Number of protein chains: 2
Amino acid sequence: MNQKTQSCQQKLRISRDALEVIQGKWRMPIVLALTFGNKRFGELQRDIVDISPKMLSQELKALEENKIITRTLYDSMPVTVEYSLTPLGKSMKKLLDEVLIWGEHFRKEVIGK
Amino acid sequence: MNQKTQSCQQKLRISRDALEVIQGKWRMPIVLALTFGNKRFGELQRDIVDISPKMLSQELKALEENKIITRTLYDSMPVTVEYSLTPLGKSMKKLLDEVLIWGEHFRKEVIGK
DNA sequence: GTAACTACTTACCTGCGGGTAACTACTAAC
DNA sequence: GTTAGTAGTTACCCGCAGGTAAGTAGTTAC
């Protein structure tokens with residue numbers, strides 16, 4: 001096994017670790033939505049059009065466990081909950097930007113203009 | 001709906017279109033492997049350690065349909081097939097780089113060093 | 001007391017993403 | 001004729017990601 005193959009396999013391992021955390025239909029969209037500012041549960045549900053409360057709740061929990069977002073409960077009346085990005089979550093901004101850039105590129109090339 | 005919300009929703013739409021194409025356990029790893037140079041079926045199978053021939057074949061087909069990779073058949077003996085990135089596939093390099101950068105970042109922060 | 005808003009939770013179900021194992025087809029080497 | 005290497009295909013199966021619908025719980029407004 002030469003140097004090149006090693007670095008290929010190493011990168012493949014890293015990519016698979018990362019993908020395990022950010023994969024799925026909703027996680028990147030949720031983080032993306034939060035790059036526009038802290039949001040409450042209902043706001044996220046309105047922004048991310050097709051998501052069900054169950055999926056939103058479930059994915060928010062997973063993102064919190066992976067230290068990507070923070071859940072803050074306010075004892076206002078009625079109770080409100082605010083979700084925000086941690087530094088680790090904010091560090092996904094560049095990655096998300098590239099997803100968007102590539103997404104635009106893809107749309108032009110394949111979906112056709 | 002204000003300007004900010006509109007741009008948020010627009011970006012969410014783009015991200016979801018892009019994710020539809022690159023999502024899944026194997027697609028980004030396959031493209032990543034091909035950024036190291038054109039590879040044959042067997043080479044990919046050896047590099048991407050846990051992938052089964054069925055999944056590799058299936059995902060290669062999907063990537064080809066989305067104009068991300070090209071399949072070239074050589075009439076050598078025995079027949080060999082080479083997979084390579086299209087310009088659209090190559091344009092994923094930055095995105096993949098960011099996945100790797102974030103992956104390292106994540107590993108340090110959460111998995112712990 | 002009932003509707004409406006907050007933020008979920010719970011139960012149930014379905015489809016498909018992904019895994020395993022075996023099989024195919026062709027050629028070369030021995 | 002049997003093994004090995006090329007590149008897959010096919011059949012079968014399973015678990016979970018994700019969807020639907022309804023319920024919960026607390027407060028405010030009417």
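Predicted, not measured: the structure shown is a model, and the values here were computed from it. Order of the sequence lines sets the chain letters (A, B, ...), proteins ahead of strands, with each chain counted from 1.
Rounded to whole angstrom, the span from the CG atom of A/L73 across to the P atom of D/dT27 amounts to 13 Å. What separates CD of B/Q45 from P of D/dG5 is a distance of 13 Å, to the nearest Å. In this structure, A/E43 places its CD atom 13 Å from C1' of C/dA7, rounding to the nearest Å. Atom P of nucleotide C/dC5 and atom CZ of A/R40 are separated by 13 Å, given to the nearest angstrom. Taking atom CG of residue A/L19 and atom C1' of nucleotide D/dA17, one finds them 16 Å apart after rounding to whole Å. The nearest whole Å value for the distance from the CG atom in A/L44 to the C1' atom in C/dC8 is 13 Å. The interatomic distance linking B/L60 (CG) with D/dA7 (P) rounds to 11 Å, in whole Å. Rounded to a whole Å, the CZ atom of B/R16 is 12 Å from the C1' atom of D/dG18.
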Exercise. Go through the steps for A/V81 and A/T72 under the test side-chain contact (heavy atoms from CB on, under 4.5 Å), then give the verdict.
Key: CA-CA 6 Å; A/V81 179; A/T72 313; over 6 Å; no
Quiz prompt | A/F106 vs B/S91, side-chain contact (heavy atoms from CB on, under 4.5 Å): CA-CA, chis, key distance, verdict | solution = CA-CA 9 Å; A/F106 174 75; B/S91 75; over 6 Å; no
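For A/S57, a side-chain nitrogen or oxygen approaches OP1 or OP2 of C/dT9 to under 4.0 Å. Listed pair A/R71 / C/dC8 meets the phosphate criterion, a side-chain N or O lying under 4.0 Å from OP1 or OP2. Proximity of B/K61 to the phosphate of D/dG8: no side-chain N or O atom is located under 4.0 Å from OP1 or OP2. For B/Y83 and D/dG8, the shortest distance from a side-chain N or O to OP1 or OP2 is below 4.0 Å.
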Taking only nitrogen or oxygen atoms into account, show me every contact under 3.5 Å that the protein makes with nucleotides 18-22 of chain C, one pair per line with its distance.
| residue | atom | partner | partner atom | Å |
| --- | --- | --- | --- | --- |
| C/dG18 | OP1 | B/K25 | N | 3.0 |
| C/dG18 | N7 | B/K54 | NZ | 3.4 |
| C/dG19 | OP1 | B/K25 | NZ | 2.7 |
| C/dG19 | OP2 | B/W26 | NE1 | 3.2 |
| C/dG19 | N7 | B/K54 | NZ | 3.1 |
| C/dG19 | O6 | B/K54 | NZ | 2.1 |

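Considering only residues two or more places apart in sequence or on other chains, A/R16 meets the side chain to side chain donor-acceptor pair (under 3.5 Å) condition with none of them.
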Quiz item: DNA chain D in dot-bracket, Watson-Crick or G-U pairs under 3.5 Å, [ ] crossing, | other strand?
Solution: ||||||||||||||||||||||||||||||
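Here A/K61 does not pair with A/E64 in a salt bridge; the nearest charged N to carboxylate O distance is not below 4.0 Å. The residues A/R40 and A/E82 are annotated as not salt-bridged, no charged nitrogen and carboxylate oxygen being separated by less than 4.0 angstrom. Salt bridge B/K93/B/D97: present, at least one basic N to carboxylate O contact under 4.0 Å. Salt-bridge check for A/R46 with A/E43: failed, with every basic side-chain N at 4.0 Å or more from each acidic carboxylate O.
Looking at every heavy atom in both residues, B/D47 comes nearest to A/C8 through OD2-SG, 4.2 Å.
Distances from the side chain of A/R46 to the nucleotides C/dC8, D/dA7, C/dT6 place C/dT6 closest.
Remark: the backbone N or O of B/L100 is not paired with any side-chain donor or acceptor of A/S15 at under 3.5 angstrom.
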